[in-house]
J.: 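Please read through the structure below; I'll follow up with questions.
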4 protein chains.
Amino acid sequence: MSVEQRGRPRSEKSRVAVLEATAGLMVDCGYEDLTIEGIAAAAGVGKQTIYRWWGSKAGVVVEALAEGYLQMPLTAPADSGDLRGDLRGWLLELKGEIEAPEVSRLVQAIMSALTSAGETSSAIHESLIQPIMDGLDARFGAHDRAHPGQLTAPPQFLAETVGASLLLHVMFARPLTVEWIDQLLDLVVPGSP
Amino acid sequence: MSVEQRGRPRSEKSRVAVLEATAGLMVDCGYEDLTIEGIAAAAGVGKQTIYRWWGSKAGVVVEALAEGYLQMPLTAPADSGDLRGDLRGWLLELKGEIEAPEVSRLVQAIMSALTSAGETSSAIHESLIQPIMDGLDARFGAHDRAHPGQLTAPPQFLAETVGASLLLHVMFARPLTVEWIDQLLDLVVPGSP
Amino acid sequence: MSVEQRGRPRSEKSRVAVLEATAGLMVDCGYEDLTIEGIAAAAGVGKQTIYRWWGSKAGVVVEALAEGYLQMPLTAPADSGDLRGDLRGWLLELKGEIEAPEVSRLVQAIMSALTSAGETSSAIHESLIQPIMDGLDARFGAHDRAHPGQLTAPPQFLAETVGASLLLHVMFARPLTVEWIDQLLDLVVPGSP
Amino acid sequence: MSVEQRGRPRSEKSRVAVLEATAGLMVDCGYEDLTIEGIAAAAGVGKQTIYRWWGSKAGVVVEALAEGYLQMPLTAPADSGDLRGDLRGWLLELKGEIEAPEVSRLVQAIMSALTSAGETSSAIHESLIQPIMDGLDARFGAHDRAHPGQLTAPPQFLAETVGASLLLHVMFARPLTVEWIDQLLDLVVPGSP
DNA sequence: GACTAAACGAGACGGTACGTCGCGTCTTTCA
DNA sequence: TGAAAGACGCGACGTACCGTCTCGTTTAGTC
C-alpha cells in the first residue's frame with residue numbers, strides 16, 4: 001500500500017531558490033518593499049509557484065526564517081562558569097554587530113515581518129524570537145543547576161526579560177550603551193561582583 | 001510687523017477629519033491595509049490635502065498618535081505609596097484590556113506602524129512608547145524620591161524594562177499571566193512584602 | 001509484412017471526448033473564450049494529449065468541424081427541378097434557424113475561429129465554408145445540366161455569391177428578410193417567374 | 001447654468017496616443033496577439049486609462065476604426081459615367097492592394113476583431129463595412145439616377161452583393177482573379193458591353 | 001467690493017504590484 | 001509507451017493604490 005503521488009512532484013530547486021531570494025531581498029529592501037514579483041524574478045520562478053506553496057509574502061518569510069535562510073545574527077552566550085561575564089561579553093558583541101547598518105536593517109525587516117504577519121505571528125515568533133530566548137535560557141539554566149538558589153527568578157523568565165529589553169532597543173535602533181548593559185546585568189544577576 | 005498670510009488658510013475641519021478617519025481605519029484594517037486613498041475617502045477629503053500636509057501614511061499615523069486620536073489604551077499607574085501594589089494593579093488592569101480582541105488588534109496595528117516606519121521610527125517611538133515609559137518612570141521616580149536607595153536600578157531603567165517585557169508580550173499576543181506579573185514584580189521591586 | 005505498431009495505441013476514447021467537449025464548449029463559450037485547459041478538463045483528458053495530437057486550439061476546432069461534431073447547421077437545398085423555388089425554400093428555412101440565438105452564437109463562434117486562425121485558415125475554410133458552397137454548387141450545377149445556357153454565370157460562381165452574401169449577414173447578425181431573399185434570387189436566377 | 005465638470009479632465013493626448021498605438025499594433029500583430037498591456041506600453045499610458053475609457057480590447061479597436069486611425073485600405077470607385085468600367089478599375093486596383101501581405105494582414109486583423117467582438121459587432125460593422133458598402137452604393141446609385149431602370153436590383157443591394165463577395169475573398173486570403181472579377185461584373189451589371 | 005492666491009474636492013494621469021488564468025512544456029505514476 | 005495528473009516558467013489579465021497633475025470651487029486676506 002503506497003501513498004498516491006500523481007503528477008510532477010514539487011521542485012526542490014524552486015523551493016530553495018525562492019527562500020534564498022527572499023533572504024537576499026529582505027536584507028536589501030526590508031520587508032515592506034519586498035514584493036512577490038521581486039522574489040519570483042530574483043529566484044527565476046513563476047509567481048504562481050510562490051502562490052501555490054506559500055500564498056503570501058509573510059508565508060515565504062516565515063519559512064525562510066524557519067529554515068534558517070534568514071537569521072537574526074545572534075549567537076548563544078558562551079559558558080565559562082561566570083554568568084555575568086558571559087552575558088556581558090555576549091551583549092558587548094551584540095552591541096558591535098547591531099551598530100552595523102546592514103544588520104540593523106535586517107533585524108528591523110524581520111521585526112516588521114513579525115508584527116505585520118497577524119495570525120501567523122506566533123509561528124514566526126517561535127522560529128525567530130525563541131532561538132534567542134533559548135540561547136539565553138540555556139545559559140541561565142546552566143548557572144541555576146550549578147548554583148541553585150542564586151538566581152532571583154526562573155531561568156526562562158530572566159532570559160525573556162533580557163531578550164525583551166534587547167529586542168526593543170534593536171527595533172527602534174537605539175544604541176546599546178555599556179552603562180545600559182551593566183544596569184541590565186545588575187538587575188538579572190544581582191549578586192555578582 | 002506680521003507674517004504674511006495669503007490665500008485660503010489650512011482647513012482645521014479637514015485636518016481633524018483625516019486624523020479621525022485614520023484612527024478609525026487603523027482599528028478596522030490595521031496598518032498594512034490602511035491606504036491613503038481609504039483615509040481620503042473616509043474623511044471626505046482630496047488625496048492632495050493629505051499629501052500636502054503629511055506626505056505619507058506613516059506621517060498621518062504619527063500625528064494621529066501624537067494628538068491622541070489613536071491611543072495605546074494604557075493609563076499611568078496609580079500612586080498609593082505602595083509601589084508594588086500600584087504596579088500590580090496596573091498590570092492586572094492591562095491584562096484585562098489586552099485580552100479584548102479589538103484592543104489587541106489596535107496595539108498590533110500601532111506596533112506594525114512603528115516597525116515599518118523606518119526613519120520616522122524614532123518620532124513615532126517618542127509619541128507612543130515614551131508615554132507608557134513616562135507613566136512607569138514617574139511612578140518609579142516618585143517611589144525613589146520617597147524612599148531613596150530602595151530601588152535596585154534608576155527609575156527610568158526599571159520603567160524601560162517593564163515596558164519592554166510588556167510590549168513584547170502584547171506584540172505577539174501572548175497572554176499576561178498572574179505568575180508572570182509576580183515574577184516581573186519580584187525582579188524590579190525585590191524587597192516589597 | 002506489416003507496419004510496426006509499438007507501444008500503447010492512441011486512445012480513440014480520448015480523441016472523441018476531446019472533440020465532443022470542444023463542440024460543447026464552442027456553443028457555450030464561443031471561440032475566443034475556448035481554452036485548451038477547459039477542453040482538457042471537460043473531456044477528462046490530460047492537456048498533453050491534446051498537444052500531442054492537435055497542437056493548437058485551432059487544430060482541435062478544425063477536426064471537430066471536419067468530423068461533424070460541430071456543424072454549421074446548414075443542409076443542402078432540395079432538388080425539385082424548380083431552382084428558384086428550391087433556393088427560396090432553403091433560404092427561408094435558414095432564416096428561421098439563424099434567428100435562434102444558440103445557432104447564431106455557434107455560427108459566430110465558427111466564423112471567429114475561421115478568421116482568427118491565420119495560416120490554417122484555408123484548411124478550416126475547406127472544412128466549413130466549402131460544404132455550404134458545395135451544396136449550393138450542386139444545386140446550381142444540376143440545373144445547369146438540365147437546362148444548359150439558362151444560368152447567367154457558372155454554377156460555382158453563383159453558389160459562391162449566394163454563400164458570401166449569406167455568411168456576411170449571419171456574421172453580423174443581420175436579419176434575413178424575405179425581400180432580401182427575393183432580390184438575391186432575382187440576381188442569380190433572373191429569368192424565373 | 002453650466003454642466004458640472006469636476007476633477008481633472010480627460011487627456012485628449014492619451015486618447016489619441018492609445019488609438020494610434022492600437023492602429024500600429026493591429027498592423028504589426030493582428031487582433032488576437034494585440035494586448036491591452038502592449039497598447040498601454042506603446043502609447044506610454046497606464047493600463048487603467050484604457051480600462052477607464054474603453055473597458056476592453058474590442059472597445060479600443062472599435063473606436064480606432066470609427067475614428068479612422070485604422071482603415072480598411074479601400075477607396076470609393078470613380079465615376080466616369082461607365083459603371084462597369086469604373087467598378088472594374090476599382091476591383092483591379094483592389095486586387096493589387098490586397099495581394100500586398102501587410103494589407104492582407106490588416107484586413108484579416110480587422111475582420112477578426114469584427115467577428116470576435118460579439119455584441120459590439122454591429123457598431124463595428126457600421127464603422128467599417130458600411131463605408132465600403134457606401135462607396136459602392138453611391139456609385140450604383142449615381143448610375144441608377146442617370147439611367148433609371150437599367151440596374152437589375154436596387155443600388156444598395158448590388159453594393160452589398162459585391163461587397164460581400166469581396167470581403168469573403170479577402171477574409172480567406174483567396175486571390176482576386178480577373179476572371180472572377182468579370183463574372184461578378186456580368187452578374188451585377190449584366191447589360192454592359 | 002473686486003482681485004489675488006492658496007487650499008480645497010474631485011478625479012484622471014503614468015506607474016507598480018497584486019493575485020488569477022491560461023499557455024505550452026516538463027516530469028511523475030499507472031495501465 | 002500513451003495517458004492522467006499536475007508542477008513549472010512565463011506573460012497577460014483586470015484591479016487597487018501609489019504619488020502627481022489638473023480642473024473648477026471656496027475662502028481668506030489685500031487693494
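Chain naming here is simple, since letters A, B, ... match the order of the sequence lines and numbering starts at 1 in each.
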J.: Once you round to the nearest 0.5 Å, how far does CD1 of B:Ile50 lie from OG of B:Ser56?
T.: 10.5 Å
J.: Give a yes/no on whether any side-chain N or O of C:Thr49 is located under 4.0 angstrom from OP1 or OP2 of F:dG2.
T.: no
J.: Assign each of B:Lys57 and C:Gln48 to its nearest nucleotide of DNA chain F by heavy atoms, then name whichever residue's nucleotide is nearer the 5' end.
T.: C:Gln48
J.: With nearest nucleotide decided by heavy atoms, which residue, A:Pro9 or B:Pro9, maps closer to the 5′ end of DNA chain F?
T.: A:Pro9
J.: Are side-chain heavy atoms of C:Tyr69 and C:Val16 found at a separation under 4.5 Å?
T.: yes
J.: Who are the side-chain hydrogen bond (donor to acceptor under 3.5 Å, both in side chains) partners of C:Ser11, not counting sequence neighbours?
T.: C:Ser14
J.: Does the side chain of A:Trp53 get closer than 4.0 angstrom to OP1 or OP2 of F:dC8 through an N or O atom?
T.: yes
J.: Can you tell which of E:dC8, F:dA5, E:dC18 lies closest to the side chain of A:Tyr51?
T.: E:dC18
J.: Between atom OG1 of D:Thr115 and atom CD1 of C:Ile110, what is the distance when rounded to the nearest 0.5 Å?
T.: 12.0 Å
J.: Can you tell if the side chain of C:Leu34 reaches within under 4.5 Å of the side chain of C:Val61, non-hydrogen atoms only?
T.: yes
J.: Can you tell me which residue pairs pass the salt bridge (charged side-chain N to carboxylate O under 4.0 Å, His left out) test with a partner in residues 53-68 of chain D, sequence neighbours excluded?
T.: D:Arg15-D:Glu63, D:Arg15-D:Glu67
J.: Check each residue of residues 32-47 of chain D for a non-hydrogen atom within less than 4.0 Å of any atom in DNA chain F, then write out the ones that pass by number, or none.
T.: D:Thr35, D:Ile36, D:Glu37, D:Lys47
J.: Any donor-acceptor pair under 3.5 Å joining the side chain of D:Arg8 to the base of F:dC21?
T.: yes
J.: C:Arg52 side chain N/O closer than 4.0 Å to the phosphate oxygens (OP1, OP2) of F:dA3?
T.: yes
J.: How long is the gap from CD1 on A:Ile36 to CH2 on A:Trp54, to the nearest 0.5 Å?
T.: 9.5 Å
J.: Rounded to the nearest 0.5 Å, what separates atom CD1 in A:Ile39 from atom OG1 in A:Thr49?
T.: 12.5 Å
J.: With sequence neighbours excluded, give me every side chain to side chain donor-acceptor pair (under 3.5 Å) pair touching residues 21-36 of chain A.
T.: A:Glu32-B:Ser116
J.: For DNA chain E, which residues in residues 11-18 of chain B have a heavy atom at a distance below 4.0 Å?
T.: B:Ser11, B:Ser14
J.: Could you give the CD1-to-P distance, from D:Ile50 to F:dC13, as a whole number of Å?
T.: 9 Å
J.: Give me the bend of the helix from E:dG1-F:dC31 to E:dA31-F:dT1, using the axes of the five pairs at each end, rounded to 10°.
T.: 10°
J.: With a 4.5 Å cut-off on side-chain heavy atoms, are D:Gln108 and D:Met111 touching?
T.: no
J.: How close or far is atom C1' of E:dA7 from atom CH2 of B:Trp54, stated in whole angstroms?
T.: 13 Å
J.: Supply the atom-to-atom distance D:Leu65 CG to D:Leu114 CG, rounded to the nearest 0.5 angstrom.
T.: 7.0 Å
